[in-house]
Amino acid sequence: MELNQEQTQAAHYSGDAKHLLILAGAGTGKTRTIIGRVIFLVQSGVPAQRLLMLTFTRRAAKEMLARLEKDLGQIAHTITCGTFHHFCLQVMRRIPKAFQLENSTIIDRDDAQSLLQLIRGDQVRKEIKKEFPRAATLLNYISYAKNSCLALETYLYQFTELSEEFIELTLAISTEYENRKRNRQYLDYDDILHLFCKTLEAKPELAAKIAGLFQHILVDEMQDTNPLQWRILQQLSSARLFCVGDDAQSIYAFRGADFKNVHAFSERLEHSAVLKLQENYRSTQPILDIANWLLDESHIDYNKRLVAVRGHADKPVLIDFESKHDEAAWIAADLLERHEGGAPWHQHMVLVRSAWSAKVLEGALIDAGIPYQFIGGTSLLEAAHVKDVLSLCRAAMNRRDELAWIRYLKCWPKIGDITASKTVAALLASDPAEDIKEVVRAQLKKRDDIIKGIEIIQNNHGTPSQAIRLATEHMATVFHHKYDRWESRLSDLRLLADLASRYKDLLGFVETYTLDPVSNSQAEKTETEDAVTVITVHSAKGTEAPVCYCLGVQPGTYPHMRSLGDLDAEEEERRVLYVALTRAQDELIITRAGDDSRTLFHGGSFVQSAGSPYFLEYLPPDLVEHRQYGYGLGMANNSILDELLAFDDI
DNA sequence: CACAGATTGGTTTTT
DNA sequence: CCAATCTGTG
Ligand SMILES: Nc1ncnc2c1ncn2[C@@H]1O[C@H](COP(=O)(O)OP(=O)(O)OP(=O)(O)O)[C@@H](O)[C@H]1O
């Protein structure tokens, strides 16, 4: 693999500094350099087992391993490589006693939210129920505070507008949430990091042992490290750190990341150095010109100017549509045309701001018969019916798994919150020697079908795939009634059973799956099928494609409505758009639609509503080729019809 | 009383 | 488009 001079200097570094940070713009080969570093280290005689690679997404971890395998062969798989969460959990599962983590269940966001909802229901008075933050919001607060290592109280007073009464109540709910998790032996995503970090800080000998396993730790996308992850890195810093990042691509502030942290790298770690990479290898210059312009517009000086090694090419295209349906239909038609012209589907990527905003496009792609995979948001396999089946698996194996029990029981007709809660209470109070099935039978007379489900899992827990297949069959009639489009949902459950066939232990499968609900299935799909990628910008960090469409680049989306009024949040939105624009290698197509309820369309140009900012408002016309489709059959600005606008209310 | 279906209101991003 | 609440029925 070829590296340029700067990249080589970083990858082959053997100077005085113990820790290195490579700070460089998009497409300058940071990922390539980290791979180069690993190859260099292995070839210099560092055993691959003594390398640890940490990433922020499963997808990134998988990609890195695949790239390393090309150069290093099977040795690549002896490197410990995964997300922070995955690594911490792996360590803790290997020596559970040291972390007091025996028999615990990992809960995903959905479960965490349900638990908070239960507590919210108990603790919030009826009169204020409507005003009080929802479970999802509460979870965001609790999670943010934990990831930023702030006391929840401090965070709520400083960063939210809640009244004192609401803050007190939120704190009480949070305390109860922690208690319940402890009591039921639940660990949410944040607890994985938190428990790991706390234990290491409390037991220096243990921290030293774990850190001592690795000579080098390599971290990708360092700008997204939050304070909790920083603390973990500091605990492990007897190994040498090699981190890469780009402050202009920091888009995870909502998870506690602060891009200014990378600037503090050399202050936090002694004997460290910062290196830079300057040349962009990914894109053509016109694509970078618009990205550079975007950063220049900011009040923050990112000190970046991307320069393409590849030289010049056509300008990016900016296209206005009257509606998002037109927008989606045009993209589908354009994709078809390119495919007929010989370009495989996988060379195309559509970047969306939110999972929701991709819906219309997905419809258009299905209509046009274009194969695609969607990455981001809640994946197909986090769908309700899949979680129902997994809940049955968990419930049958663990009587204290309150959330799983409630979910499973409520699948059945005539069973709602109250019956489910009563049954759970009986299970929690029951003698561990007593058969679970009998405890349930005593609560729910004449509901043999419910107990049969439990029995099926108990009898088949050694063969997860079969357990899931039989459970699906057993619940088919209920699901058929509960969900529409049953046929397509059934195929999800078949896929689930397939995934499970690689595992020997049902709960082991459920846990892996909870932490990684997407990538397995996705990887399989990309390898075997040629498909267009539709992806949220947040998931797209680090990836690239020859042809990229950035969809819905209109006021209210960039910056997103929700960020308005908070300057830091608005600035982060700029970086989100920056990441989106810099994914393209050869062609960048920016589209926007005028029928967004938040957008005012006026005379063929986009005018922001009520003085809110819009990033492309002052876009210099010479940076793009601007087209407009569908506006009164191509009528451009200054249409005489505009004079009618004043009479719209007649 | 407990559940099921209808209504309403606020809509990001991920491990 | 989903989640929480409201309202009608067994
Ligand atoms: N020295 C090089 N020679 C040829 N191609 C290169 C070189 N360095 C990087 N590239 C190519 O440039 C593209 C971007 O590289 P890479 O993904 O490593 O960049 P990055 O800095 O991680 O980008 P981002 O921050 O946007 O994720 C890749 O297609 C890579 O193959």
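All chains are named by letter (A, B, ...) in the order of the sequence lines, taking the proteins before the strands, and each is independently numbered beginning at 1. Just so it is clear, the structure is predicted and the values come from calculations on it, not from any experiment.
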Trainee: Identify, residue by residue, the members of residues 248-258 of chain A with a heavy atom below 4.0 Å from DNA chain B, and return them in order of residue number, or none.
Mentor: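 A/Tyr252, A/Phe254, A/Arg255, in order of number.
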Trainee: Between A/Met349 and A/Ile535, what is the shortest heavy-atom contact and its length?
Mentor: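 A/Met349 and A/Ile535 have their closest heavy atoms at CG-CG2, 3.7 Å.
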Trainee: A/Ser354 side chain N/O closer than 4.0 Å to the phosphate oxygens (OP1, OP2) of B/dT11?
Mentor: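 No, because none of the side-chain N or O atoms of A/Ser354 sits under 4.0 Å from OP1 or OP2 of B/dT11.
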Trainee: On the 0 to 90° scale, with breaks at 30° and 60°, tag the A/Phe132-A/Phe166 ring pair as parallel, tilted or perpendicular.
Mentor: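 The arrangement is perpendicular - the two ring planes meet at more than 60°.
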Trainee: Pick from A/Lys541, A/Arg255, A/Gln249: which one makes a side-chain hydrogen bond (donor to acceptor under 3.5 Å, both in side chains) with A/Asp224?
Mentor: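 Option passing the side-chain hydrogen bond (donor to acceptor under 3.5 Å, both in side chains) with A/Asp224: A/Lys541.
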Trainee: For A/Asp246, is there any backbone N or O sitting under 3.5 Å from a side-chain donor or acceptor partner on A/Tyr302?
Mentor: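 It does not hold such a pair.
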Trainee: Would you kindly say whether A/Arg592 and A/Tyr614 are connected by a side-chain donor-acceptor distance under 3.5 Å?
Mentor: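 Distance-only check passes for A/Arg592 and A/Tyr614.
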Trainee: Between P on B/dT15 and NE2 on A/His194, what's the gap in Å once rounded to a whole number?
Mentor: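 Whole-Å distance recorded here is 21 Å.
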Trainee: Rounding to a whole Å, what distance do you find between A/Tyr141:OH and B/dT12:P?
Mentor: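 Going from A/Tyr141 (OH) to B/dT12 (P), I get 13 Å.
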Trainee: Between B/dT13 and C/dA4, how many Å separate the two C1' atoms, rounded to a whole number?
Mentor: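 After rounding to an integer number of Å, I get 23 Å for this pair.
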Trainee: Round to a whole Å and report the spacing from OH of A/Tyr189 to C1' of B/dT14.
Mentor: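 The distance from OH of A/Tyr189 to C1' of B/dT14 comes to 9 Å, rounded to the nearest Å.
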Trainee: For nucleotides 1-10 of chain C, read 5' to 3', which letter fits each nucleotide if B means a protein heavy atom sits under 4.0 Å from the base, S means only the sugar-phosphate is that close, and - means neither?
Mentor: S--SS-----
Trainee: Between C1' on B/dG9 and CZ on A/Phe132, what's the gap in Å once rounded to a whole number?
Mentor: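 My rounded result for the distance is 18 Å.
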Trainee: What distance, rounded to whole Å, do you find between the two C1' atoms, one in B/dT12 and one in C/dT5?
Mentor: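 Taking atom C1' in both B/dT12 and C/dT5, they lie 24 Å apart.
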Trainee: If you round to the nearest 0.5 Å, how far is CG of A/Leu54 from CZ of A/Phe214?
Mentor: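 It comes to 8.5 Å.
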Trainee: For residues 140-150 of chain A, dump all side-chain donor-acceptor pairs below 3.5 Å to protein atoms at least two apart in sequence or in another chain.
Mentor:
unit_1   : atom_1 : unit_2   : atom_2 : d
A/Asn140 : OD1    : A/Arg109 : NH1    : 3.1
A/Asn140 : OD1    : A/Arg109 : NH2    : 3.1
A/Ser143 : OG     : A/Asn147 : ND2    : 3.4
A/Ser143 : OG     : A/Asp190 : OD1    : 3.4
A/Ser143 : OG     : A/Asp190 : OD2    : 2.8
A/Lys146 : NZ     : A/Glu178 : OE2    : 3.3
A/Lys146 : NZ     : A/Asp191 : OD1    : 2.5
A/Asn147 : OD1    : A/Asn226 : ND2    : 3.2
A/Asn147 : ND2    : A/Ser143 : O      : 3.0
A/Asn147 : ND2    : A/Asp190 : OD1    : 3.0
A/Ser148 : OG     : A/Tyr144 : O      : 2.6

Trainee: Residues in side-chain hydrogen bond (donor to acceptor under 3.5 Å, both in side chains) with A/Asp417, at least two apart?
Mentor: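 By the side-chain hydrogen bond (donor to acceptor under 3.5 Å, both in side chains) rule, A/Asp417 matches A/Lys410.
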Trainee: Between P on B/dG5 and NZ on A/Lys410, what's the gap in Å once rounded to a whole number?
Mentor: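 To the nearest whole Å, that distance equals 14 Å.
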Trainee: Between B/dT14 atom C1' and A/His538 atom NE2, what is the distance in whole Å?
Mentor: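 About 8 Å, once rounded to whole Å.
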Trainee: If stacking means aromatic ring centre less than 5.5 angstrom from the base's six-membered ring centre, planes under 30°, is A/His560 stacked on B/dT12?
Mentor: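 Stack criterion met.
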Trainee: For a quick check of understanding: with a heavy-atom distance under 4.0 Å over all strands, which category does A/Ser563 fall into, base, sugar-phosphate or nothing?
Mentor: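 Here A/Ser563 touches no strand at all.
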Trainee: Does A/Glu165 have any salt bridge (charged side-chain N to carboxylate O under 4.0 Å, His left out) partners at least two apart in sequence or in another chain, and if so, which?
Mentor: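 Checked A/Glu165 against salt bridge (charged side-chain N to carboxylate O under 4.0 Å, His left out); matches are A/Arg125.
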Trainee: Does any N or O in the side chain of A/Arg120 come within less than 3.5 Å of the main-chain N or O of A/Pro133, such that one atom is a donor and the other an acceptor?
Mentor: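 Confirmed, A/Arg120 side chain pairs with A/Pro133 backbone.
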Trainee: Please state how far atom NZ in A/Lys482 lies from atom C1' in B/dG5, giving the value in whole angstrom units.
Mentor: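 Going from NZ in A/Lys482 over to C1' in B/dG5 covers 14 Å.
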Trainee: Hey, which of A/Asp122, A/Asp111, A/Asp188 is the one that makes salt bridge (Lys or Arg N to Asp or Glu O under 4.0 Å) with A/Arg180?
Mentor: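 Considering A/Asp122, A/Asp111, A/Asp188, a salt bridge (Lys or Arg N to Asp or Glu O under 4.0 Å) with A/Arg180 is found only for A/Asp122.
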Trainee: Tell me what A/Ser357 touches on the nucleic acid: a base, only sugar-phosphate, or nothing, going by heavy atoms under 4.0 Å.
Mentor: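 The residue A/Ser357 makes no contact with any strand.
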Trainee: How many whole angstroms separate atom CG of A/Asn140 from atom C1' of B/dT13?
Mentor: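 After rounding, the reported distance stands at 10 Å.
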Trainee: Could you check which residues of residues 415-427 of chain A get a heavy atom under 4.0 Å from DNA chain B? Sort them by number, please.
Mentor: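 When residues 415-427 of chain A is checked for heavy atoms under 4.0 Å from DNA chain B, the hits, listed by number, are A/Ile415, A/Gly416, A/Asp417, A/Ile418, A/Thr419, A/Lys422.
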Trainee: With the side chain of A/His85 defined as its heavy atoms from C-beta on, choose the nearest nucleotide among B/dT13, B/dA4, B/dT15.
Mentor: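 Shortest atom-to-atom distance from the side chain points to B/dT15.
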Trainee: Quick one: on DNA chain B, does A/Arg353 or A/Ser143 contact a more 5' nucleotide (nearest heavy atom)?
Mentor: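 Result of the comparison: A/Arg353.
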Trainee: If you measure from the Lys or Arg side-chain nitrogens to the Asp or Glu carboxylate oxygens, is any gap between A/Arg575 and A/Glu572 under 4.0 Å?
Mentor: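 A salt bridge links A/Arg575 with A/Glu572.
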